[in-house]
Amino acid sequence: MSAKVFITRTIVAIVAVLSLAVHIWTGLAPFEWLGLVFYAICFVMYTKALFFALTKTKRVTADLLVVTVMIVSLLAGQPLSGALVAWFISMGLAISWTIIERTRRKIEALTKERRRIVRVVRNEKIMELPVEEVCAGDTVIVPSGEMIPVDGEIIEGASSIDESVITGEPFPVFKKVGDTVTSGSISLTEQLHVRAAKAGDRGFLQVMAKEIEEQLKVKPRIHRTADTIVQFFISGVVLFAIGVFLFTGGLTGDVYTGLMRMAAVTAVACPCAWALSVPTAFAASIGGLSSRGILVSGGTPLEVVGRAATVVLDKTGTVTMAEPKVVGIEAFKTSADELLQIAASVESGFNHPIANAIVSYAAEKGVRPLKATGSRYLSGQGITSTIDGRQVILGATETLQALGAEVPEGLDLKGRATWVGIDGEIAGVIVIQDELREYAGGLGRALHDLGINKVILATGDNEEAEAQRVAQLVGADGYHWGLQPEDKVSIVKELGEAGFTVMVGDGINDAKALATADVGISIGQTKADLAIKSSDIIILRNDATSLITVVQMGKKLIRVIKQNYAWAIGFNVAGIALATGGILTPWLAALFHHFSSVLVVLNSARLARGKATGSEQQHTSPSWDQEAGFLSHS
C-alpha cells in the first residue's frame with residue numbers, strides 16, 4: 001500500500017459523500033446518480049483490496065467491514081452512511097501514509113547512492129573507474145583527506161590513517177609502505193598508492209553493505225496483539241450483523257427493518273476509530289519528531305523503543321566528540337611546562353587529531369615552540385624528532401614499549417596516555433581524553449529514569465581506561481572495549497534475549513549491530529552511509545539529548561495507542577448495543593461512529609506537538625571537576 005492509493009480512495013469517497021448529501025438536501029436526481037457512480041468505484045477499490053488480503057496474505061482486514069457497510073447501506077437505501085465510513089477510513093490512512101512516506105524520502109535522500117569513482121593505475125595507464133570495476137592487483141591513488149576505497153597494501157607513500165568509523169578507535173594510526181589498509185578508512189595527511197588485494201566489489205565496505213542488506217531482510221519486527229484481535233473482531237461483527245438481520249427479519253417479518261438494523265450495526269461497529277488508533281498516533285509522533293530533526297522510518301520502531309529493556313551506546317562519535325583534548329600533564333624528568341614545550345614543538349610539524357590537541361593546548365598556555373628536526377612518523381601511534389640534540393619520541397604505550405622504553409606502572413590515567421621519551425627514558429605523559437558531547441553526561445541515568453533497565457557502552461576503542469571513564473560519565477551499567485563489528489553484533493544478540501534492544505551508533509563498525517538490534521538509531525547525518533542505512537531512526541543533530549526525546553516519544557506513543565483502543569472499544573460496544581436495539585438508525589450510527597473517530601484523531605494529534613519536554617530542557621552533564629580528573633596515583 002502507498003499514500004497514493006489511500007488518497008485516491010479518499011477523493012473518490014468524498015465525491016460520493018458530497019454528491020449524495022447534495023441530493024438529500026436538494027432532491028436533484030443528477031447528484032444521486034453521480035454519487036452512486038463514485039460509490040460504486042469506491043466499493044470496487046475496497047473489494048479489490050479485500051480480495052488481495054484474503055488470497056495473498058490470508059488475513060481479514062478492515063476492508064471487509066467497509067465492504068459490508070457499503071453493501072448493507074445501499075440495500076437499506078442509506079448509501080450516504082456507507083460513503084461516510086469509506087471516506088473517513090481512507091482519509092485517516094492517507095494522512096498517516098503521506099507523513100511516513102515523506103519521512104522515508106528524507107532518509108533515502110541522506111543515503112542516496114553516489115557513483116564512487118576512483119583513480120586507478122592499470123597497465124601503466126591512469127584511468128578513472130567505478131570502485132566496483134577495480135580488480136585485484138590494480139594500484140589505486142588515494143588523495144590526502146580522501147576515503148580509501150579498496151582493501152589493500154600501501155606501495156607508495158605514508159600517512160596517518162583514521163580508522164574510527166571502522167574500528168571505533170578515535171585516534172589515527174600511522175601507516176607506511178607494506179602496511180595494509182581497509183576500505184572505509186581515511187588518509188589524513190598524505191597521498192597514498194594502494195595495491196588492491198581483492199576486487200573493488202569484495203572489499204570490506206562492499207561486503208559489509210551486502211551483509212547488512214541481508215540482515216535487514218530477516219530483522220525481527222514486533223507483531224502487535226491488536227492485529228490478532230482485529231481479525232476476530234471484524235469477522236465477529238459481520239457474523240453478528242447478519243444474525244441481527246436474520247433475527248429481526250424473522251421475528252417481525254420486516255426485511256427493511258432487519259436491513260436497517262444490520263446497516264446500523266455495521267456502520268457503528270466499523271472499526272474506523274480502531275483502525276485510526278495506530279496510524280494516526282504513528283503519523284503524529286513521526287511528524288512531531290521530524291520537526292525536532294529526528295527521522296523515523298515508521299511507527300513500529302518508536303513503539304519498540306517505548307518497550308525497550310536495553311540500550312547499547314557506541315562511544316566514539318556518538319557520546320563523545322571524537323576530538324581529543326589535553327586534560328593534564330605529569331612530568332617525571334623535567335617540569336610540566338618544558339615537557340609541553342618539547343611535545344608541542346615535535347607535534348607542530350604534523351596534522352592529525354592528537355598533534356592538533358597538544359599544539360592547541362600549548363598555544364593556550366602561551367608556550368613558545370623550539371626547533372625540531374628530522375621529524376617522522378613511527379609505525380603504529382608515534383612520532384620521533386630531534387630537539388637541541390636530544391632524541392624525542394611521542395607515542396602510545398605499545399609504541400614506547402616496542403622501542404624498549406620502560407613505561408611507568410601504578411598510574412591510574414583517566415584518559416589516553418601520550419608518553420614523551422627523551423634520549424631513551426620516559427620524561428612524562430600527556431593525558432588526552434575524547435571529549436564528551438554536550439549533555440551526554442548522565443545520559444544513562446536519564447534513560448534509567450525513563451524505564452530502560454540496562455545501558456551498555458560498546459566501543460572499538462582499545463584503551464580500557466578511556467572506555468571506563470566515559471561509561472562512568474555517561475552513567476552506563478557496564479562497558480565493552482576493543483570490539484570488532486562482529487563483537488558488537490554478538491553483544492546485541494545476547495542482550496536481546498532479555499527484551500527489546502536498541503543500538504545507538506554512528507560509524508561503519510556500528511552498522512551490522514544497528515541492523516541486528518530491534519531498533520537501530522544513528523546520530524548525525526554526516527556519518528557513514530552504512531550506519532544511516534542500517535538505522536530505523538536517524539537523529540540529524542549531533543545531540544545525545546535527542547535520544548531521550550525518542551524514548552519519551554516511544555513511551556507516550558504507547559500510552560496514546562492504549563487510550564485510543566480503550567476509547568474505540570468503549571464506543572463500539574455501546575454503539576452496537578444501541579444499534580441492535582433499534583435506537584440508532586444508520587444515520588445516527590454513522591454520526592456516533594464518526595464522533596468516536598474524531599476523538600481518537602484529536603488524542604493522537606497531541607503527539608505532534610513540537611515543544612521540548614522538561615527533560616530535554618533541563619538535562620545537563622555531571623560535574624567535570626569531580627568525575628573527569630586526569631591522573632591519580634594508586
Notebook entry, point to check: Cation-pi between R9 and Y46: NZ/CZ under 6.0 Å from ring centre and within 45° of the ring axis?
Noted result: yes

Check: Considering all heavy atoms of both residues, which atom of A446 and which atom of I548 are nearest to each other, and what is their separation?
Finding: CB-CD1, 3.6 Å

Notebook entry, point to check: Does the side chain of T549 come within less than 4.5 Å of L289's, by heavy atoms?
Noted result: yes

Note to self: So, using side-chain contact (heavy atoms from CB on, under 4.5 Å) as the criterion, who are the partners of S19 when residues are at least two apart?
What the structure shows: V15, L34

Next item on the list: Measure the shortest side-chain to side-chain distance between L313 and L443 over non-hydrogen atoms and say whether it is less than 4.5 angstrom.
Entry: yes

Item checked: Residues that V573 engages under side-chain contact (heavy atoms from CB on, under 4.5 Å), provided they are two or more places apart -> I569

Note to self: Test side chain to side chain contact (heavy atoms under 4.5 Å, CB included) on I521 and V550; report intermediate values, then the result.
What the structure shows: CA-CA 10 Å; I521 300 179; V550 171; 4.2 Å; yes

Next item on the list: Under the salt bridge (Lys or Arg N to Asp or Glu O under 4.0 Å) rule, collect the residues that match up with E497, sequence neighbours excluded.
Entry: none

Checklist line | Nearest atoms (heavy-atom pairs only) where R261 meets T580 | finding: NH1-O, 3.3 Å

Next item on the list: Take I523 and V504 through the test side chain to side chain contact (heavy atoms under 4.5 Å, CB included) and record every step on the way to the result.
Entry: CA-CA 7 Å; I523 295 183; V504 186; 3.6 Å; yes

Notebook entry, point to check: Which heavy-atom pair separates G82 from S73 by the least distance, and what is that distance?
Noted result: N-OG, 3.6 Å

Margin query: On a heavy-atom basis, which atom in L80 and which in A21 lie closest, and how many Å separate them?
Written below: CD1-N, 4.3 Å

Check: Does the side chain of V311 come within less than 4.5 Å of I456's, by heavy atoms?
Finding: no

Next item on the list: Could you tell me whether the side chain of D536 and the main chain of P301 form a donor-acceptor pair under 3.5 Å?
Entry: no

Checklist line | Nearest atoms (heavy-atom pairs only) where I14 meets I11 | finding: CG2-O, 3.0 Å

Notebook entry, point to check: Can you name the residues that form a side chain to side chain donor-acceptor pair (under 3.5 Å) with T310, not counting sequence neighbours?
Noted result: none

Notebook entry, point to check: Just wondering, do L607 and K556 contact through their side chains at under 4.5 Å, heavy atoms?
Noted result: yes

Next item on the list: Identify whether the distance between the nearest side-chain nitrogen and carboxylate oxygen of D314 and K488 falls below 4.0 Å.
Entry: yes

Check: Taking the side chain as C-beta and beyond, is there a heavy-atom pair between L74 and F43 under 4.5 Å?
Finding: no

Note to self: Quick check: do K454 and L495 have side-chain heavy atoms less than 4.5 Å from each other?
What the structure shows: yes

Checklist line | side chain to side chain contact (heavy atoms under 4.5 Å, CB included) evaluation trace for F282 with L302 | finding: CA-CA 8 Å; F282 279 179; L302 271 181; over 6 Å; no

Checklist line | Between NZ on residue K555 and CG on residue L450, distance to nearest 0.5 Å | finding: 7.0 Å

Check: Roughly how far, to the nearest 0.5 Å, is CG of D518 from OG1 of T300?
Finding: 12.0 Å

Notebook entry, point to check: Under 4.5 Å between any side-chain heavy atoms of M503 and V519, yes or no?
Noted result: no

Item checked: Heavy-atom closest contact (G306 atom, I558 atom, distance) -> C-CD1, 3.6 Å

Next item on the list: Apply side chain to side chain contact (heavy atoms under 4.5 Å, CB included) to the pair V12 and M45, showing each step before the final yes or no.
Entry: CA-CA 10 Å; V12 172; M45 296 174 74; 4.2 Å; yes

Check: Rounded to the nearest 0.5 Å, how far does CE of M262 lie from CG of L246?
Finding: 8.0 Å

Next item on the list: Check side chain to side chain donor-acceptor pair (under 3.5 Å) between R559 and all other residues, then give those that pass, not counting sequence neighbours.
Entry: none

Note to self: Looking at M70, is its backbone amide N or carbonyl O close enough to the side chain of Y39 to form a donor-acceptor pair, meaning the two atoms are under 3.5 Å apart?
What the structure shows: yes

Margin query: Are L28 and F31 packed together at the side-chain level, in the sense that at least one heavy-atom pair is separated by less than 4.5 angstrom?
Written below: yes

Checklist line | Partners meeting side-chain contact (heavy atoms from CB on, under 4.5 Å) with D487 (sequence neighbours left out) | finding: L483, Q484

